[in-house]
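All remarks here apply to the structure that follows.
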Amino acid sequence: MINITFPDGNVRQYEAGASAMDIAKSISHGLAKNVLAARVNGEVWDSTRPIEADSTLELLTWKDDDGKSTFWHSSAHLMAEALEALYPGTKFGIGPAIENGFYYDIDLGDRVLSTEDFKKIEDKMLELARQKNDFERREISKADAIAYFEEKGDEYKLELLEDLPDGEITFYQQGAFTDLCRGPHIPNTEKIKAIKLMKVGGAYWRGDENRKQLTRVYGITFPKQKELTEYLALLEEAKKRDHRKLGAELELFMFSERVGQGLPIWLPKGNALRERLMSFLKTEQEKRGYKTVSTPHIGRKNLYVTSGHYEKYGEDSFQPINTPREGEEFLLKPMNCPHHCEIYAHKPHSYKDLPIRLAEFGTVYRYEQSGELHGLSRVRGFTQDDAHIYCTPDQLKDEFLDVLDLTKMIMNKMGFDKVTAQISLRDPENPEKYIGSVENWEKAEQAIIDATKEVDLETITEYGEAAFYGPKLDFMVKDALGRSWQLGTIQVDYNLPERFELEYIGADNQAHRPVMIHRAPFGSLERFLSILIEHTGGKFPLWLTPEQFAILPISDRFNDYAVEVERALTKHDITGVIDSRSEKIGRKIRDTEVKKIPFMLIIGEKEAEAKTVSVRRQGEGDIGSMTIEEFAAHFKSLL
RNA sequence: GCCAGCAUAGCUCAGUUGGCCAGAGCAGCUGAUUUGUAAUCAGCGGGUCGGGGGUUCGAAUCCCUCUGCUGGCUCCA
């Protein structure tokens with residue numbers, strides 16, 4: 001007998017060799033029906049795999065992330081089975097589960113797969129799922145595995161096998177399809193009830209752009225049809241909120257082929273949003289001792305050679321601008337930090353001056369590959385809410401904590417209540433990607449790790465995600481549709497101060513090197529606004545929205561009173577527009593609703609006489625009549 | 001940058017296998033209407049069919065090329 005420990009601490013005895021599924025059945029059949037996989041001693045296993053020794057056991061269902069990903073991984077195999085049945089000779093790369101569903105990279109030879117083929121593949125998958133085939137795990141020797149794929153002629157699997165040690169190779173089979181796979185899998189294909197293929201695209205074999213491009217087919221599956229329907233509805237909603245669509249509809253920003261790819265142009269309303277964001281952040285930063293600076297959009301090439309940016313990005317960047325005579329070279333500013341370092345360096349500093357916090361809404365230009373550009377989220381010219389803090393090593397932690405505090409405060413104000421962070425450290429396998437001494441890196445990484453421990457912040461750690469000059473703390477938020485986005489960042493940097501030979505005179509009358517913190521809570525205004533647009537669906541927070549009200553006169557006769565109302569509200573710092581067209585009130589309301597202006601102030605005979613406004617809230621309807629002062633008070637109560 | 005797809009009026013889209021002056025709705029303009037909580041009526045203007053080249057008696061439609069956009073890959077200081 002073996003002892004099985006459950007997550008609640010209960011221990012029960014089972015016969016050696018019992019599987020998680022057997023154990024689930026002993027508890028309840030309802031539970032067993034829902035089991036997709038099991039976590040045995042912390043490792044995800046097939047629910048049907050025999051457990052031979054004392055273990056901890058957690059049964060995984062659709063509610064668990066690992067249950068879902070097992071389900072989707074098995075669905076990838078099911079899709080592969082369908083593809084092999086429909087297109088014999090198909091070769092298979094890899095087919096993992098991803099955040100939403102799964103994909104499989106396949107080589108179809110000369111055949112081009114398009115979305116029109118999806119229906120056929122989905123139908124085949126459903127047909128195969130209904131055959132109720134078990135996923136069978138089998139350990140196999142390397143030689144036998146190689147023989148199998150040589151026979152099949154699948155060079156991709158053979159290449160994968162090269163890296164696998166003999167004795168750790170497993171095959172999984174369901175129905176007619178056998179795949180090299182570590183597993184685990186769900187017990188049986190019958191659990192897959194709803195199937196939707198999503199997209200098809202190219203993907204380099206093993207992510208290497210010099211190697212063959214395979215066809216990647218994305219899909220998603222669910223145990224219930226209803227869940228698929230809900231998922232598709234969510235995608236529909238996301239499409240409606242797409243910032244590119246809303247940006248055009250609400251006249252926030254535009255792009256122009258003539259101006260150039262990836263160069264956003266802000267229209268008056270979008271610019272109002274930007275201005276309001278900037279002034280909000282400026283006020284917060286002033287409270288925290290930041291000083292604002294302005295630096296040029298270009299700088300001599302040598303500046304970036306000094307900073308190390310040129311060496312790292314020079315080739316893949318906008319190329320230097322040359323002056324007519326002197327042969328001087330200037331670069332478009334890709335970062336603000338070198339300029340700020342020069343500001344620091346322009347005069348000697350005492351330890352008593354530190355920390356020095358230099359802030360700038362700095363517009364920078366980076367050459368992004370054309371295929372990467374995407375609305376406002378990935379552009380070639382953008383404005384960072386940048387600041388650099390120069391401090392002594394002793395001050396580092398407090399400064400870092402203050403930046404953390406500021407960032408969290410800002411995110412909450414923006415309506416993102418779930419903020420998490422990623423600690424981005426060096427890739428231990430590629431030290432040559434980074435500049436600066438190992439010692440400085442260790443100090444910087446430790447500073448971030450220590451500081452985040454002191455605050456209430458959920459973090460994950462990723463290796464290889466650091467910037468080339470220092471480790472980062474990257475902030476992530478979840479939007480209204482549950483999607484995660486990466487926003488701003490805080491970076492600790494010992495390297496640039498060294499490269500720019502920055503110093504301060506300490507209490508010991510000796511020169512010391514300051515530490516530098518790079519930080520941008522929003523990251524860039526462009527990217528942040530793209531996320532905010534989708535998060536709010538264009539219904540921005542009142543304090544941020546470009547047009548806070550629209551005055552809608554019932555007829556031309558009340559246009560004068562409309563102006564009176566507008567003036568009164570301007571005195572309260574509430575701004576909006578008047579719709580003085582000779583249209584019926586229904587029309588004016590409809591047009592204002594579509595523009596998502598939060599308040600409609602309808603005025604006619606009654607209101608003009610009583611000096612009131614009839615207030616309608618966007619998306620909600622009439623909320624009654626009130627005086628202008630009452631409305632202003634109501635408005636302010638909502639800020 | 002690579003692979004695949006797309007590009008018709010300000011916007012959303014029609015335009016059959018190449019064949020009369022390229023269409024609709026919304027938006028715009030003009031006029032009428034002076035209106036009470038999600039679209040008043042009528043009239044008018046607007047397109048070198050993304051740019052260039054080619055095939056053809058004839059191209060929005062077929063071919064080449066450039067530009068831009070979309071999805072995916074790679075990249076992201």
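For the numbers below, each heavy atom of this structure counts, side chains included, while hydrogens, waters and symmetry mates do not. Proteins come first, then strands; the chains are lettered A, B, ... in the order of their sequence lines, and each starts at number 1.
You cannot call A:Phe468 stacked on the base of B:A77; the centres under 5.5 Å and planes under 30° rule is not satisfied.
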Protein-nucleic acid N or O pairs under 3.5 Å, nucleotides 45-50 of chain B:
none

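Put simply, the side chain of A:Thr545 never gets that close to the backbone of A:Gln548: no donor and acceptor are under 3.5 Å apart.
The separation between A:Glu368 atom CD and B:C69 atom P is 14 Å, rounded to whole Å. What separates NE2 of A:His339 from P of B:A77 is a distance of 19 Å, to the nearest Å. Protein atom NE2 of A:His243 is 12 Å distant from nucleotide atom P of B:C69, rounded to whole Å. To the nearest angstrom, C1' of B:C75 lies 13 Å from CZ of A:Arg366. In this structure, the NZ atom of A:Lys245 is 16 Å from the C1' atom of B:C69, given to the nearest Å. Atom pair A:Arg244:CZ and B:G68:P shows a separation of 17 Å (rounding to whole Å applied). When rounded to the nearest whole Å, the span between NZ of A:Lys433 and P of B:C75 equals 9 Å. When the P atom of B:C11 is taken as reference, atom CG of A:Asp242 falls 16 Å away, rounded to whole Å.
Distances shown here put every side-chain N or O of A:Gln261 at or beyond 4.0 Å from the OP1 or OP2 atom of B:U67. Between A:Lys199 and B:G71 there is no side-chain N or O to OP1 or OP2 distance below 4.0 Å. Taking side-chain N and O atoms only, A:Arg216 has no distance below 4.0 Å to OP1 or OP2 of B:G72.
Residues passing the ring-ring contact (aromatic ring centres under 6.0 Å, His included) test with A:Tyr561, sequence neighbours excluded: none. In this structure A:Gln491 satisfies the side chain to side chain donor-acceptor pair (under 3.5 Å) test together with A:Tyr469, A:Thr489, sequence neighbours excluded. Annotation: side chain to side chain contact (heavy atoms under 4.5 Å, CB included) contacts of A:Asn430 (sequence neighbours excluded): A:Asp427, A:Glu432, A:Lys433. Not counting sequence neighbours, A:Lys239 has no partner by the side chain to side chain donor-acceptor pair (under 3.5 Å) test. Partners of A:Tyr310 by ring-ring contact (aromatic ring centres under 6.0 Å, His included), not counting sequence neighbours: none found. Scored by the side chain to side chain contact (heavy atoms under 4.5 Å, CB included) test, A:Val563 finds A:Arg567, A:Ile578 as partners (sequence neighbours excluded).
Contacts classified as salt bridge (charged side-chain N to carboxylate O under 4.0 Å, His left out) and involving residues 589-604 of chain A (residues at least two apart or in different chains) are given here: A:Arg581-A:Asp591, A:Arg587-A:Asp591, A:Glu593-A:Arg616. Among residue pairs with one or both ends in residues 239-261 of chain A, those qualifying as ring-ring contact (aromatic ring centres under 6.0 Å, His included) are A:Phe253-A:Trp266; sequence neighbours excluded.
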Practice item. Using a 4.0 Å cut-off on protein heavy atoms (strictly under), produce a 5'-to-3' string for nucleotides 30-43 of chain B with B for base contact, S for backbone-only sugar-phosphate contact, and - for none. Key: ---BBBBBBBB---
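Both A:Gly201 and A:Gln213 sit near RNA chain B, but only A:Gln213 has its closest nucleotide nearer the 5' end. Both A:Val200 and A:Asp208 sit near RNA chain B, but only A:Val200 has its closest nucleotide nearer the 5' end.
The same atom, P, is picked in B:U67 and in B:A27; the two are 37 Å apart, to the nearest Å. To the nearest whole angstrom, the two P atoms, one in B:C62 and one in B:U8, are 15 Å apart. B:G53 sits 14 Å from B:U61 when the P atoms are compared, rounded to a whole Å. Using C1' as the reference atom, B:G23 and B:C63 are 27 Å apart when rounded to the nearest Å. For the C1' atom pair drawn from B:C75 and B:U55, the interatomic distance equals 41 Å after rounding to whole Å. B:G15 and B:A39 are spaced 30 Å apart, taking the P atom of each and rounding to whole Å. Of the C1' atoms belonging to B:C6 and B:U12, the separation is 16 Å, rounded to the nearest Å.
Interface remark: the A:Tyr204 side chain does not form any donor-acceptor pair with the B:C3 base, using a distance-only criterion of under 3.5 Å. One cannot find a donor-acceptor pair under 3.5 Å joining the base of B:G71 and the side-chain atoms of A:Tyr103. At a cut-off of 3.5 angstrom, the base of B:C75 holds at least one donor-acceptor pair with the side chain of A:Arg378.
If you check every strand for non-hydrogen atoms under 4.0 Å, A:Tyr218 touches sugar and phosphate atoms only. Within 4.0 Å (heavy atoms only), A:His518 reaches no atom of the nucleic acid at all. Contacts of A:Lys312 with the nucleic acid, taken as non-hydrogen atoms under 4.0 Å apart, are absent.
Ring pair A:Tyr390/A:His340: centre-to-centre distance not below 6.0 Å.
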For residues 296-304 of chain A, which side-chain N or O atoms pair as donor and acceptor with protein atoms under 3.5 Å away, sequence neighbours left out?
unit_1	atom_1	unit_2	atom_2	d
A:Lys301	NZ	A:Glu329	OE1	3.2

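Geometrically, A:Arg211 does not engage A:Tyr204 in a cation-pi contact, judged by NZ or CZ lying under 6.0 Å from the ring centre and within 45° of the ring axis. For the pair A:Arg617 and A:Phe599, the cation sits on the ring face: its NZ or CZ lies under 6.0 Å from the ring centre, inside 45° of the axis.
Across all their heavy atoms, A:Pro553 and A:Asp579 have their closest contact at CD-O, 3.1 Å.
Scanning RNA chain B for stems, defined as runs of 3 or more consecutive Watson-Crick or G-U wobble pairs whose donor-acceptor distances all fall under 3.5 Å, gives the following ranges: B:1-7 with B:67-73, B:10-13 with B:23-26, B:28-32 with B:40-44, B:50-54 with B:62-66.
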